[in-house]
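If you're wondering where the values come from, they're calculated on a predicted model, not measured in any experiment.
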Amino acid sequence: MIFIFITDLHTGQHGEFAHNIDLRQNFLDTLAAIEEQPYDYLVIGGDLCLFEGNAEVYQWQKEQLDRLAKPYFIIPGNHDDTITLSELFDHLPLVGQAEIYYEVLIDRQTFLFLDTARGMTSDLQKIWLRERLAECQSERVTIFMHHPPALMGVPHMDQRHALKDRREIIEILNLTNIHKDIFCGHYHVQKSVFMDRISIHVTPSLFFQIDQLKEEFAVDHLNIAYNVIELREDLMTTSVHYLQGNLI
Ligand SMILES: [Fe+2]
């Protein structure tokens, strides 16, 4: 079973560029690259919009995604509007305090899609996460969430934009012995952090990548990437593919 994970599209309105980058073209180029290889499911890791949720942007993205004719899942990021997102992508459930979180079972494997669009999760979502993990029948669980639930050793993001309730999330994750593979975006870097029974993988964005050493914001490079996650019976592989080759 192969998932492709893309994140932080930051698509602007028609003709809107940022940092001189044609973000719509970045998205189209990525989808073209993805179509060249086998996969079963696509996951969009949040920050679909440049600054804030926009119905026209979501509609344009939906047209491109529907054209692929493969199932896709979406989680919201801090530059999304969950209500607008759920209106445009009507398979996304709006739960409780306008959050989008849900569970998917495929071949007896559990996949959890979380909502950290407000920089943290609601109490209701934390209760749901605890319950889903407690009832999980598979030996490992794959979680998709926009913000990583831990500091990642990227000073600019760790100090200013980390998930506010990350310690509570880690406490909940540690309540179960199941191995948790967590795929995130938000940080605009490629980085993995490993804890006891928790692996956190941050995938680069489709916008720009952030300098991982500087405390002040600085762009590292503009090479965009997607993550190929393959699950077999007894192992998981993850490999980040850069569209212009691996420059770093
Ligand atoms: Fe982002």
Side-chain angles (χ1 to χ4, degrees), residues 3-11 23 27 30 41-54 57-58 61 65 72-86 88-89 92-104 111-122 124-126 128-129 141-152 154 156-158 160-170 172-173 180-193 198-210 224-227 229 238 240:
F3 281 74
I4 290 186
F5 183 75
I6 63 174
T7 187
D8 294 86
L9 288 54
H10 289 285
T11 304
L23 293 151
F27 181 49
T30 305
Y41 305 95
L42 177 64
V43 180
I44 320 291
D47 279 3
L48 281 72
C49 289
L50 180 54
F51 299 119
E52 58 191 18
N54 181 289
V57 169
Y58 292 143
Q61 290 168 333
L65 292 166
Y72 58 87
F73 305 102
I74 297 175
I75 52 170
N78 51 300
H79 292 283
D80 289 308
D81 181 273
T82 52
I83 293 173
T84 312
L85 197 57
S86 69
L88 266 294
F89 297 91
L92 297 178
L94 203 59
V95 191
Q97 295 146 1
E99 289 181 320
I100 294 171
Y101 54 86
Y102 51 101
E103 176 184 40
V104 174
F111 300 86
L112 300 178
F113 298 79
L114 307 191
D115 181 342
T116 62
R118 292 168 191 160
M120 60 185 298
T121 60
S122 68
L124 213 58
Q125 186 177 175
K126 283 193 259 292
W128 173 86
L129 176 61
V141 58
T142 307
I143 300 173
F144 297 98
M145 57 194 295
H146 182 68
H147 293 65
L151 298 180
M152 299 297 289
V154 180
H156 172 72
M157 296 302 289
D158 282 346
R160 293 171 177 80
H161 304 292
L163 185 68
K164 293 188 185 79
D165 56 350
R166 59 186 180 275
R167 288 184 187 84
E168 293 165 81
I169 295 292
I170 290 292
I172 293 169
L173 296 175
K180 277 80 55 175
D181 297 293
I182 305 176
F183 292 89
C184 311
H186 185 55
Y187 267 49
H188 292 225
V189 299
Q190 179 187 348
K191 192 142 192 166
S192 294
V193 163
I198 300 174
S199 306
I200 305 172
H201 304 280
V202 174
T203 298
S205 84
L206 299 191
F207 190 3
F208 54 74
Q209 314 316 331
I210 286 177
I224 58 176
Y226 59 94
N227 201 343
I229 304 156
T238 166
V240 171

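Taking 4.5 Å as the limit, some side-chain heavy atom of Met152 sits within range of a side-chain heavy atom of Val202. With a 4.5 Å cut-off on side-chain heavy atoms, Phe183 and Val43 do not count as touching. At a threshold of 4.5 Å between non-hydrogen side-chain atoms, the residues Leu112 and Glu103 count as touching. Side-chain contact between Leu114 and Glu99: absent, with no pair of heavy atoms (C-beta onward) separated by less than 4.5 Å. Side chains of Phe111 and Phe73 form no contact here, defined as non-hydrogen atoms less than 4.5 Å apart.
Atom SG of Cys49 and atom CG of Leu23 lie 11.0 Å apart (nearest 0.5 Å). Residue Ile100 holds its CD1 atom at 6.0 Å from CG of Leu94, rounded to the nearest 0.5 Å. Between Leu42 atom CG and Ile6 atom CD1 the span is 5.0 Å, to the nearest 0.5 Å. Here Ile74 contributes atom CD1 and Phe89 contributes atom CZ; the two are 4.0 Å apart, rounded to the nearest 0.5 Å. The CE atom of Met157 sits 5.0 Å away from atom CD1 of Ile210, with the distance rounded to the nearest 0.5 Å. Between Ile200 atom CD1 and Ile182 atom CD1 the span is 5.0 Å, to the nearest 0.5 Å.
Closest approach of Thr82 and Ala98 over heavy atoms only: OG1-O, 2.6 Å. The minimum heavy-atom distance linking Leu163 with Pro148 is given by the pair CB-O, 3.6 Å. Closest of all the heavy-atom pairs between Ala117 and Gly77 is CB-O, 3.3 Å. Here the closest heavy-atom approach between residue Gly45 and residue Thr7 is recorded as O-OG1, 3.2 Å. Taking all atoms of both residues into account, the shortest heavy-atom contact from Ala225 to Val240 is CB-CG1, 3.7 Å.
Asp181 places no side-chain N or O within donor-acceptor distance of the main-chain N or O of Ser199, the cut-off being under 3.5 Å. Judged by distance alone, with hydrogens and angles left aside, the side-chain atoms of Asp165 form no donor-acceptor pair with the main-chain N or O of Glu168 at under 3.5 Å. With hydrogens and angles ignored, the 3.5 Å screen pairs a side-chain donor or acceptor of Gln61 with a backbone N or O of Leu48. Listed for the Gln125 side chain is a donor-acceptor partner under 3.5 Å among the backbone atoms of Asp115. Looking at Thr116, its side chain never comes within 3.5 Å of a backbone N or O of Met145 through a donor-acceptor pair. Side-chain atoms of Asp47 come within 3.5 Å of backbone atoms of Asn78 as a donor-acceptor pair (strictly under, hydrogens ignored). With hydrogens and angles disregarded, a donor-acceptor distance shorter than 3.5 Å links the side chain of Lys180 to the backbone of Leu173.
Annotation: side-chain hydrogen bond (donor to acceptor under 3.5 Å, both in side chains) contacts of Asp80 (sequence neighbours excluded): Tyr58.
A donor-acceptor contact closer than 3.5 angstrom links the side chains of His10 and His188. A donor and an acceptor atom, one from each side chain of Tyr187 and Asp158, are located under 3.5 Å apart.
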Verdict with reasoning, Leu9 to Thr30, per side chain to side chain contact (heavy atoms under 4.5 Å, CB included): CA-CA 10 Å; Leu9 288 54; Thr30 305; over 6 Å; no
Mind running side-chain hydrogen bond (donor to acceptor under 3.5 Å, both in side chains) on Asn227 and Thr203 for me, showing each step along the way? CA-CA 6 Å; Asn227 201 343; Thr203 298; 3.0 Å; yes
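If you run side-chain contact (heavy atoms from CB on, under 4.5 Å) between Ile198 and each of Ile143, Val193, Ile170, only Ile170 comes through. Results of the side-chain hydrogen bond (donor to acceptor under 3.5 Å, both in side chains) test with Thr121 over Arg166, Lys126, Lys164 single out Lys126 as the only residue that passes. Among Phe5, Tyr41, Tyr101, the single residue meeting the ring pair (Phe, Tyr, Trp, His ring centres under 6.0 Å) criterion with Phe144 is Phe5.
Atom CZ of Arg167 has 12 or fewer heavy atoms from other residues, nucleotides or ligands within 6.0 Å.
Here His161 and His147 keep their ring centres 6.0 angstrom or further from each other.
Between Phe113 and Tyr102, the ring-plane angle classifies as parallel under the 30° and 60° cut-offs.
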